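Computed from heavy atoms alone, side chains included, the values below leave out hydrogens, waters and symmetry copies. When a residue number appears, it is its place in the shown sequence, counting from 1. Quantities reported herein were computed from a predicted structural model and do not represent experimental measurements.
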Amino acid sequence: MNDNNMDSVEVQQTDGSTLEESTSSPNQRMTRNQILTLLSIASVNFSSMICYSILGPFFPKEAVKKGASQTVIGLIFGCYALCNLMGSLVLGKYIVQIGAKFMLISGLFVSSVCTILFGLLDRVPDGATFIILCFIIRSVDAVGFSAAMTSSFAVSTKVFPNNIATVLGSLEIFTGLGLILGPPIGGWLYQSFGYKVPFMALGCFLFLMVPFNMYILPSFAADPSKDSFFRLCTRLKIVLICIAIFTLSSGLGFLDATLSIYAIDTFDLSPGYVGLLLLGLSLPYCLASPLLGIVSDRFPSTRPWFMVLGGLFTATGFWFLGPVPILQIKSQLWLVVFMLGIIGFSLSMSAIPTFPEILDCAYENGFEEGLSTLGLVAGLFGAVWSFGMFCGPTLGGFITQQLSFEWAASVQGGQAFLAAFFLGVYFLCQRTRQERPPQIQTKRPSDEATHLLT
């Protein structure tokens, strides 16, 4: 590792001693710092996602009682994604100045406090006061969430430089578990103990993660770089990958907002069975992510085609989820479950390689190999993902209302297909340029040399 070309980074252990970050090969055993970091990031992903996902089963109902319309409820959910987007960009840029460990721990603290405060909103007056406080608390919570997630991505890739896809894929298990367990736990606590208890219980659980991570997470010191998001987004490859990331999060956001209503109206399912239906999306994603991460690290050349094939499979899944009205196929429950499984698997196939591919492209174009660049990439990823999570429910809900769920799902499939198509064209052109033999330029003889030869 050349100290002149990259940040001088040290990892400080919990006992106060310091040692240089391990850059061991993928086959070597994990160090103590790597194990502690993995435990820390896994706890952050699980606790943050479980608190993020508890609102769905009961908050809209309570908000209506407080005088909020369906449009306002949608904006309360949407402002979370927008504030997450802005927070990811700002915090990703200044992660070195703020400090990765401090950013992660402070983000957890802010999210835990906001979750607890959200449980007290049933005591405020109805109408404008309730709505304004919902927007304020939800927006601050989004900034805290973006701080924790941006730092966790950067720290994971910093501590595991040779196993980025494997580690990120493994951590998605805990992200998926949080998203899976959040709604049923929140719904059960709400039915058993009322509105306050779900937020109080899970907010306190998230708060306990603060001292836990203060103790086990190593500290990171690095020098800031002069790189920027603008320079990062000038590369065509990164722009195309960001479009693919947008289509993935947009599709997930669309399903969160519309699938439950569609399933209840079409198949007369109870809310409990709708929750089981969503497992068809989450479980394949959680199970496939570690395996695909390992393959991506062992065979880096497969990453581009994972993204392309994953996008095509995602498009197929959305087209047959409705299905597309022009196909004249009757919607059936088994087909919906099967297509959700296809979408879940293809989402992991597309999403896992995106972060290491953006990072490799940044390094190839002169970005410094250090925590500052990792923060930029993590912030860009989080911002694009949040933008998709905002546009998916908004545009998908509008198309569903104006036309139907089938047409809205078809539009989501079309977005995924276009992103995969353009990525495929780019990678094919890139491969053609790499395989083209270099042209040998021959120097033409001067007139004097020509006369002498003659």
If you take all heavy atoms of V143 and S146, which pair is closest and at what distance?
O-OG, 2.7 Å
More than 12 foreign heavy atoms under 6.0 Å from CZ of F174: is that the case here?
no
Over all heavy atoms of both residues, which pair between P300 and P304 is shortest? Give the atoms and the distance, please.
O-CD, 3.8 Å
OG1 of T314 to CG of L309, rounded to nearest 0.5 Å, is 10.5 Å
Note: M349 and G310 closest approach over all heavy atoms is SD-N, 3.5 Å
Between CZ on residue F318 and CD1 on residue I342, distance to nearest 0.5 Å
12.5 Å
Residues R235, E364: salt bridge by 4.0 Å N-O rule
no
Heavy-atom side-chain proximity of Q412 to W319 below 4.5 angstrom:
no
Measure the NZ-OG1 distance between K101 and T37 for me, rounded to the nearest 0.5 Å.
9.5 Å
Output yes when a side-chain donor or acceptor of S111 lies under 3.5 Å from a complementary backbone atom of L108, and no otherwise.
no
Identify each donor-acceptor pair in which a side-chain atom of residues 283-291 lies under 3.5 Å from a protein atom, sequence neighbours left out, and give them as a table.
{"residue": "Y285", "atom": "OH", "partner": "E172", "partner atom": "OE1", "Å": "2.8"}
{"residue": "S289", "atom": "OG", "partner": "Y285", "partner atom": "O", "Å": "2.6"}

Rounded at 0.5 Å granularity, tell me how far CZ in F130 sits from CG in L133.
9.0 Å
So, N213 side chain and M209 main chain: donor-acceptor pair closer than 3.5 Å or not?
yes
Would you name the heavy atoms of G413 and A315 that are closest together and state the gap between them?
O-CB, 3.2 Å
Under the side-chain contact (heavy atoms from CB on, under 4.5 Å) criterion, do M200 and T115 qualify, and how do the steps go?
CA-CA 7 Å; M200 296 294 178; T115 302; over 6 Å; no
Test log, rule side-chain contact (heavy atoms from CB on, under 4.5 Å), inputs D141 and V110:
CA-CA 6 Å; D141 189 12; V110 170; 5.8 Å; no
Treating S346 as the side-chain partner and I343 as the backbone partner, does any N or O pair qualify as donor plus acceptor under 3.5 Å?
yes
To the closest 0.5 Å, what do you measure between NZ (K196) and CG (D122)?
3.5 Å
Taking the ring of F212 and the ring of F207, is the distance between their centroids below 6.0 Å?
no
Would you indicate whether the side-chain heavy atoms of W407 and P325 approach each other to under 4.5 Å?
yes
Over all atoms of both residues, closest heavy-atom pair of I352 and P356:
O-CD, 3.4 Å
Pairing residues for I131 by the side chain to side chain contact (heavy atoms under 4.5 Å, CB included) criterion, not counting sequence neighbours
A68, V72, F135
Validation row: I98, L91 side chains within 4.5 angstrom (heavy atoms)
yes
Counting only heavy atoms from other residues, nucleotides and ligands, does the tally under 6.0 Å from CZ of F102 exceed 12?
no
Verify, without hydrogens or angle tests, whether T150 (side chain) and A147 (backbone) share a donor-acceptor contact under 3.5 angstrom.
no
Aromatic plane relationship, F199 with F118 - under 30° parallel, 30 to 60° tilted, over 60° perpendicular
tilted
Return yes when atom CZ of F421 has more than 12 non-hydrogen atoms of other residues, nucleotides or ligands closer than 6.0 Å, and no otherwise.
no
Run the numbers on F417 and T247 for side-chain contact (heavy atoms from CB on, under 4.5 Å), then give the verdict.
CA-CA 9 Å; F417 175 79; T247 61; over 6 Å; no
What I'd like to find out is whether the side chain of F338 reaches to under 4.5 Å of the side chain of F320, using heavy atoms alone.
no
For residues L121 and Y195, determine if any side-chain heavy atom of one lies less than 4.5 Å from a side-chain heavy atom of the other.
yes
Do the side chains of F46 and F205 get nearer than 4.5 Å, heavy atoms only?
yes
Tell me, do L380 and L376 make a side-chain contact under 4.5 Å, heavy atoms counted?
no
Show your reasoning for whether side-chain contact (heavy atoms from CB on, under 4.5 Å) applies to L255 and L340.
CA-CA 10 Å; L255 292 176; L340 286 176; 4.2 Å; yes
Under 3.5 Å, side chain of S350 to main-chain N/O of L347, donor-acceptor pair present?
no
Identify the two heavy atoms, one from S296 and one from P353, that lie closest to each other, and give their separation to 0.1 Å.
OG-CG, 4.1 Å
Could you list the donor-acceptor pairs under 3.5 angstrom formed by side chains in residues 381-391, with sequence neighbours left out?
{"residue": "S386", "atom": "OG", "partner": "G382", "partner atom": "O", "Å": "2.8"}

Quick one: pull up OG in S250 and CD1 in I243 and give me the separation to the nearest 0.5 Å.
13.0 Å
Positive for side-chain contact (heavy atoms from CB on, under 4.5 Å) with S88, one of N84, V90, L85:
N84
Before accepting this row, confirm whether a basic side-chain N of the pair D360/R303 lies closer than 4.0 Å to the acidic partner's carboxylate O.
yes
Can you find a pair of side-chain heavy atoms, one from E357 and one from K237, that are under 4.5 Å apart?
yes
